[in-house]
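See structure below.
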There are 2 protein chains.
Amino acid sequence: MDERQALSAFSALSQETRLSIVRMLVVAGPEGVPAGTIAERMNLSASNVSFHLKELDRAGLISQRRQSRSIVYTAGYDALAELVTFLMEDCCAGHPTIRNSVDQQDACCPTSELIEQDDIRA
Amino acid sequence: MDERQALSAFSALSQETRLSIVRMLVVAGPEGVPAGTIAERMNLSASNVSFHLKELDRAGLISQRRQSRSIVYTAGYDALAELVTFLMEDCCAGHPTIRNSVDQQDACCPTSELIEQDDIRA
DNA sequence: TCCATATTTCAATATTCCTTGAATAATTGA
DNA sequence: TCAATTATTCAAGGAATATTGAAATATGGA
C-alpha cells in the first residue's frame with residue numbers, strides 16, 4: 001500500500017457514518033450485511049448509506065455481491081490489514097526501538113524486527 | 001482509544017499535506033522538525049503548514065516544543081500506535097482466524113490470540 | 001529598546017464533502 | 001408483464017475544510 005492508497009483509506013474512515021459502517025461489517029464477518037439493513041440499523045436514508053458505501057468501495061475497504069434483490073456488503077479485511085501495516089511501517093520508520101516506549105500492547109512493529117539499541121541522537 | 005478519537009485521527013491523516021507531515025516527522029524521530037523547515041521542505045506557505053500542524057495537534061498525533069525562536073514538532077508515536085491497535089481490534093473483531101488469509105506480514109492480530117478453527121458460517 | 005526571525009491568527013475566498021428527496025434501475029414473485 | 005422490493009444515481013442546497021495574504025505575537029540578539 002502506497003501513500004496514495006493510504007490517503008484514500010484514511011479519507012474513507014474519517015467520516016463518522018463510514019467508520020461505523022466499516023465496524024459493523026467487520027463484526028458481521030464474511031457473511032456481510034445488505035445495504036438496506038445497514039441503513040435500518042443506523043437510522044439513515046437509503047441514499048445516504050449508498051453514498052457512503054460507494055465511498056468505502058472506492059477506497060477498497062469493502063466489497064459487495066448481489067444476493068437476490070439485496071446487495072450485500074462485506075468488510076475488506078485485506079485492505080484494513082494493509083492499512084495497519086502501512087501505519088506500523090510509518091510508526092517504526094528508522095526508529096524501531098521507539099515502539100518499546102509506546103504501550104504495553106506491542107502495537108507497533110513485530111518484536112522480532114526490533115533492533116537492540118538504535119542510538120538516536122537528538 | 002475510542003471511536004471518537006480514532007475518527008479524529010483518521011480525519012487528521014486524511015489530508016495529503018498532513019499525512020506527508022506526519023511521515024516526515026516519524027522519519028525525523030524524537031529530534032523533531034521546526035515548523036519553518038517543514039514548510040520549506042514541502043514548498044508550502046508558513047500559514048498553511050501552521051494550519052495543518054494545528055489540526056494534527058488537535059488530533060493528538062504530534063507534539064511541539066519551543067526551541068529558541070523555532071517551534072519544533074515531533075510525531076506522536078503513542079497515538080499512532082494506538083491507532084494501529086484500534087484498527088487491529090476492528091480487523092479481528094469476532095473473527096480472529098481471518099487474519100491468516102490476509103497477507104504474509106502478520107499485520108493483523110498477534111498470532112498468540114488466534115483461535116484454531118473459528119467456524120464462520122457464510 | 002529596536003529590529004529581524006519564526007510562527008500563528010485572522011478574514012475572505014475557494015473547494016470539497018454531506019445530506020436530502022425525487023427519479024431511475026434491477027430483481028423477484030404473482 | 002405488472003407491481004413490489006431493494007438499491008443506486010442525480011441535482012440542489014448546506015456545511016465543513018483548505019488556501020491565501022496580511023496582520024499580530026513571541027523570541028533573541030545588537
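Here is how names work: the chains are called A, B, and so on, in the same order as the sequence lines, proteins then strands, and each is numbered from 1.
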| request: Please name the pair of heavy atoms, one in B:Val33 and one in B:Ala28, separated by the smallest distance, quoted to 0.1 Å. | output: CG2-CB, 3.5 Å

| request: Please report the closest heavy-atom contact between B:Gln67 and B:Arg65, naming both atoms and the distance. | output: OE1-NH2, 3.2 Å

| request: Would you name the heavy atoms of A:Ser20 and B:Glu3 that are closest together and state the gap between them? | output: OG-OE2, 3.1 Å

| message | If I compare all heavy atoms of A:Ile21 with all of A:Met42, which pair ends up nearest, and what's the gap? | response | CG1-SD, 3.6 Å

| Taking side chain as C-beta onward, heavy atoms only, is A:Asp2 less than 4.5 Å from A:Gln5? | yes

| request: In whole angstrom, give the distance that lies between atom CG of B:Leu53 and atom P of C:dT7. | output: 10 Å

| message | Students often get this wrong, so: under 4.0 angstrom with heavy atoms, is A:Ser70 touching a base, only sugar-phosphate, or nothing? | response | sugar-phosphate

| said: Does B:Ala46 reach a base, just sugar-phosphate, or nothing at all? Heavy atoms under 4.0 Å. | reply: base

| Could you run down nucleotides 24-30 of chain C 5' to 3' and tag each one B, S or - for protein heavy-atom contact under 4.0 Å? | --SBB--

| task | Please answer whether the main-chain N or O of A:Val22 pairs with a side-chain N or O of A:Tyr73 as donor and acceptor at a distance below 3.5 Å. | result | no

| Do B:Ser14 side-chain atoms and A:Phe10 backbone N/O form a donor-acceptor pair below 3.5 Å? | no

| CG/A:Leu61 to CG/A:Leu53 distance, rounded to the nearest 0.5 angstrom? | 11.5 Å

| query | How would you give the extent of chain A contacts on DNA chain D, as first and last nucleotide 5' to 3' within a 4.0 Å heavy-atom cut-off? | reply | D:dT5 to D:dT9

Using atom names, set out every protein N or O paired with an N or O of nucleotides 14-20 of chain C below 3.5 Å, distance rounded to 0.1 Å.
unit_1, atom_1, unit_2, atom_2, d
C:dC18, OP1, A:Arg18, NH1, 3.4
C:dC18, OP1, A:Arg18, NH2, 3.0
C:dC18, OP2, A:Arg18, NH1, 3.3
C:dT19, OP2, A:Asn48, OD1, 3.2
C:dT19, OP2, A:His52, NE2, 2.6

| Gap separating the CD1 atom of A:Ile38 from the CD1 atom of A:Ile71, nearest 0.5 angstrom | 11.0 Å

| message | Would the distance check show the side chain of B:Ser8 and the main-chain N or O of B:Arg4 forming a donor-acceptor pair, the cut-off being under 3.5 Å? | response | no

